[in-house]
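Below is one structure; the comments refer to it alone.
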There are 2 protein chains.
Amino acid sequence: MCDTCHGPEHGHDHGMGHGGGHGDCHCKLSGKVERFIQPCLLLSLLQHPSHGYELLERLTGFRFYPGSPDTGAVYRHLRRLENSDYVESRWETGDAGPAKRIYSITPDGQDMLKAWIEEFRDRKSAMEDFIEKYERSVK
Amino acid sequence: MCDTCHGPEHGHDHGMGHGGGHGDCHCKLSGKVERFIQPCLLLSLLQHPSHGYELLERLTGFRFYPGSPDTGAVYRHLRRLENSDYVESRWETGDAGPAKRIYSITPDGQDMLKAWIEEFRDRKSAMEDFIEKYERSVK
DNA sequence: CTGCCCTATATGCTACTATCAGATAGGGGA
DNA sequence: TCCCCTATCTGATAGTAGCATATAGGGCAG
């Protein structure tokens with residue numbers, strides 16, 4: 001039983017929003033953002049260096065994130081990207097408010113992003129194939 | 001340290017094969033098939049009824065599965081799909097070898113598959129946007 | 001000067017999932 | 001008899017997202 005969509009578990013609302021975690025309930029087909037957060041962060045940082053809190057807001061610009069993404073996820077992934085040398089950071093304490101950790105993309109990170117782009121092209125075409133298979137089957 | 005690609009953890013091999021589970025190693029960008037198994041099973045069953053072992057082989061026809069998919073995953077997802085009334089099954093003991101559980105897609109399952117197709121269209125266009133954003137940034 | 005909100009970063013916990021490994025079992029061939 | 005192929009199913013583990021919470025600086029209203 002699903003406490004979000006109520007009633008039948010096979011509702012047709014398939015938006016990616018609201019976050020997931022509904023177990024066997026398929027009222028949200030893909031609440032989870034499925035590790036798209038890393039390429040989104042890398043692309044944001046390719047555009048210009050930024051800090052976690054700002055990146056959090058910029059993530060909503062990607063259609064993978066219709067709602068507000070999780071703050072914990074953003075900071076944790078930035079840390080992981082830094083451990084892999086895909087990004088680097090420096091502290092900025094200049095202006096008002098708490099200190100900011102400014103992240104920039106590294107050459108390795110740019111290579112990684114390029115690999116992600118290739119991956120996305122593959123997935124996109126795999127989905128096109130799937131849709132085509134479906135169209136042929138229902139015809 | 002990655003025991004698959006050895007050396008630097010940011011190698012550029014980004015195929016979807018060999019299965020995942022390399023933690024922070026990005027030598028495989030997406031070893032996980034990320035719940036694509038359910039729509040693949042539904043579409044296979046839309047084409048014609050089938051049993052688990054056969055579906056296992058038919059899954060390789062989808063480009064989400066370059067290697068052989070996990071047998072456990074197939075049977076477990078079939079069970080889950082049946083619990084959700086997206087598929088139904090009957091035992092077939094007629095011919096040689098062990099009994100087969102033949103699955104068929106239900107009307108609810110067909111609706112679900114349709115919802116998945118819409119979802120795939122969304123994801124596909126989100127990826128197109130991402131790639132376009134990238135192209136603009138590197139230009 | 002206290003409480004509240006906004007900015008900013010970080011960690012703990014839990015549920016879900018994929019993957020790996022192995023168990024069970026029928027039947028055919030060497 | 002042993003091994004392999006077909007066929008289904010279960011156990012254990014590791015990675016992940018999402019939620020909640022902790023910490024902390026600074027501005028501002030009452």
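Because the structure is predicted, anything quoted here is derived from the model rather than measured. Every chain is numbered from 1 and lettered A, B, ... according to where its sequence line falls, protein lines coming before strand lines.
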Reckon B/H77 has a side-chain N or O less than 4.0 Å from the OP1 or OP2 of C/dA18? yes
Nucleotide [N], atom [atom2] - distance to [atom1] of [X] in whole Å:
X: A/L59; N: C/dA8; atom1: CG; atom2: P; value: 15 Å
X: B/L41; N: C/dA18; atom1: CG; atom2: P; value: 11 Å
X: A/Q38; N: D/dA17; atom1: CD; atom2: C1'; value: 13 Å
X: A/R80; N: D/dA17; atom1: CZ; atom2: C1'; value: 11 Å
X: A/I37; N: D/dC19; atom1: CD1; atom2: P; value: 13 Å
X: B/E92; N: C/dG26; atom1: CD; atom2: C1'; value: 15 Å

Describe, in one word, how the ring planes of B/F120 and B/F64 are oriented to each other, choosing from parallel (under 30°), tilted (30 to 60°) and perpendicular (over 60°). perpendicular
With sequence neighbours left out, what residues match B/E82 under side-chain contact (heavy atoms from CB on, under 4.5 Å)? B/V87, B/S89, B/R101, B/Y103
Applying salt bridge (charged side-chain N to carboxylate O under 4.0 Å, His left out), which residue pairs with at least one partner in residues 130-139 of chain A are found, sequence neighbours left out? A/E132-A/R136, A/E135-B/R121
Show every salt bridge (charged side-chain N to carboxylate O under 4.0 Å, His left out) that has at least one partner inside residues 43-59 of chain A, sequence neighbours left out. none
Counterpart residues, side-chain hydrogen bond (donor to acceptor under 3.5 Å, both in side chains), relative to A/S125 (two or more places apart): B/R63
When clusters are formed from ILVMFWY side-chain contacts under 4.5 Å, directly or step by step, what else is grouped with B/Y75? B/Y53
Set out, line by line, the N/O atom pairs under 3.5 Å between protein and nucleotides 9-13 of chain C.
from   : atom 1 : to     : atom 2 : distance (Å)
C/dT9  : OP1    : A/R101 : N      : 2.7
C/dT9  : OP2    : A/G52  : N      : 3.2
C/dT9  : OP2    : A/Y53  : N      : 2.7
C/dT9  : OP2    : A/Y75  : OH     : 2.8
C/dA10 : OP1    : A/R79  : NH2    : 3.0
C/dA10 : OP1    : A/R101 : NE     : 3.3
C/dA10 : OP1    : A/R101 : NH2    : 2.8
C/dA10 : N6     : A/T71  : OG1    : 3.3
C/dG12 : O6     : A/R76  : NH2    : 2.3

